[in-house]
Amino acid sequence: MMVHESHLYIFFEIITPGEVGKIAAYKTKDLAEFDYLGIILSEPYHLSFPFLFRQSNNIFLLPESSKNNELTLYKFKKFPFEPVKIKTLLHGRYVDSFIVNKNEVFFLFTTSDKGLEIFFSENISEEEFIPHPKNPICVDPIFSRSGGGPLYINGELHRVAQDCSSTYGKNLNLIKILELSKISYSEILVKKDIFTLNENWNQCGSHHLSLEFFKGQHVIMVDGKQNDYFANKVMDCLRRIYKNILRSFTRKSS
């Protein structure tokens, strides 16, 4: 989520069976009615985990693009539309990333096959990101994959981690960051398994949480995990078969 002027914007991954993930958005001015803004960002490869942040009057978007073996930064020309690719921050398969600006240093939290890693840079647009000497800072699958952007609770920096120890997005954990600098890092677990997962919409898990202050109140957005419908899997299979037939027909025609 991001508050801009008089509206709260909600960015999320949207996916149609047989298609790659795209980034879409809603906006609301009163938390009662929500206007769908459509697809905000589409690429030939899968996109997810849209992290947004401000810097120097600009708004940036950092989606997961691991299927393209890169982590790419976008800047909005006209928020909430027209995100333009400005820089590839990292090359490789990095997932569920976010950035923290602390003392004019940009700390990039991201997860690779090694675990949770941190990279840092003093100029996000012009300088390369440097690996933190403590990498990987976490290798435990219960805590090593981000479940949302950074949270400030009573002025203290926290991160949300999704439990992927037995299944993807089993639950969420809250972790306080005690020390963060170019040479050091430490953290402590505050709350394990934030949710009881006793509702129909989240009974299979939860893997993302976002927090914003809007219209005088704290707004919390969280997702729920459910088993997919069998019909979706059938439709996905049929779409793939149709695409393969179409590609084959196109090649023969040319």
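Since we're looking at a predicted model, the values are computed, not measured. Hydrogens, waters and symmetry mates play no part in the numbers below; they use all other heavy atoms, side chains included.
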Fill in: side-chain hydrogen bond (donor to acceptor under 3.5 Å, both in side chains) between K225 and T167, intermediate numbers included
CA-CA 11 Å; K225 180 181 175 183; T167 183; 3.0 Å; yes
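- Contacts of E179 classified as side chain to side chain contact (heavy atoms under 4.5 Å, CB included), with partners at least two apart in sequence or in another chain: S184, S186.
- A donor and an acceptor atom, one from each side chain of S206 and D223, are located under 3.5 Å apart.
- Minimum heavy-atom separation, L52 to I59: CD2-CG2, 4.4 Å.
- Annotation for K85: atom NZ counts as buried by contact number, over 12 foreign heavy atoms lying within 6.0 Å.
- Side-chain contact check for R159 versus V100: every heavy-atom pair is 4.5 Å or farther apart.
- Residues passing the side-chain hydrogen bond (donor to acceptor under 3.5 Å, both in side chains) test with T111: none are found, sequence neighbours excluded.
- By the 4.5 Å heavy-atom criterion applied to side chains, H218 and L211 are counted as neighbours.
- Contacts of Y45 classified as ring-ring contact (aromatic ring centres under 6.0 Å, His included), with partners at least two apart in sequence or in another chain: none.
- Side-chain contact between F11 and P63: absent, with no pair of heavy atoms (C-beta onward) separated by less than 4.5 Å.
- By the ring-ring contact (aromatic ring centres under 6.0 Å, His included) test, Y9 pairs with F79, sequence neighbours left out.
- Among all heavy-atom pairs drawn from F51 and I99, the shortest one is CE2-N, 3.2 Å.
- For the side chain to side chain contact (heavy atoms under 4.5 Å, CB included) test, residues two or more places apart in sequence or in another chain that qualify with F81 are L37, I40.
- Using a 4.5 Å heavy-atom threshold, the side chains of H46 and E13 count as touching.
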Tabulate below the donor-acceptor pairs under 3.5 Å that side-chain atoms of residues 112-121 make, not counting sequence neighbours, or state none.
{"unit_1": "S112", "atom_1": "OG", "unit_2": "K114", "atom_2": "N", "d": "3.1"}
{"unit_1": "S112", "atom_1": "OG", "unit_2": "E117", "atom_2": "OE2", "d": "2.5"}
{"unit_1": "S121", "atom_1": "OG", "unit_2": "N123", "atom_2": "N", "d": "3.2"}
{"unit_1": "S121", "atom_1": "OG", "unit_2": "N123", "atom_2": "O", "d": "3.0"}

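- For the pair N171 and F195, the minimum side-chain heavy-atom distance is below 4.5 Å.
- For the residue pair Y94 and S66, the shortest heavy atom distance occurs at O-CB, 3.5 Å.
- Between K191 and D193, the closest heavy-atom pair is CE-O, 3.8 Å.
- Residues L61 and P83 come closest through the heavy atom pair CD2-CB, 4.3 Å.
- For F129, there are no ring-ring contact (aromatic ring centres under 6.0 Å, His included) partners at least two apart in sequence or on another chain.
- Scored by the side chain to side chain contact (heavy atoms under 4.5 Å, CB included) test, I39 finds I14, K22, A24, Y36, S42 as partners (sequence neighbours excluded).
- Among all heavy-atom pairs drawn from I194 and L174, the shortest one is CD1-N, 3.9 Å.
- Rounded to the nearest 0.5 angstrom, N173 CG and H158 NE2 are separated by 13.0 Å.
- Qualifying side-chain hydrogen bond (donor to acceptor under 3.5 Å, both in side chains) partners for N202, counting only residues two or more places apart in sequence or in other chains: none.
- Residues forming a ring-ring contact (aromatic ring centres under 6.0 Å, His included) with F60 (at least two apart in sequence, or on another chain): F53.
- For E156, the side-chain hydrogen bond (donor to acceptor under 3.5 Å, both in side chains) criterion is met by K176, not counting sequence neighbours.
- With sequence neighbours excluded, the residues forming a side chain to side chain contact (heavy atoms under 4.5 Å, CB included) with N69 are R93, listed by chain and number.
- Atom-to-atom distance recorded for L157:CG and I177:CD1 is 4.0 Å, nearest 0.5 angstrom.
- At a threshold of 4.0 Å, the pair K67-E43 does not count as salt-bridged, since none of the basic side-chain nitrogens sits closer than that to a carboxylate oxygen.
- Aromatic pair F49/H208: ring centres closer than 6.0 Å.
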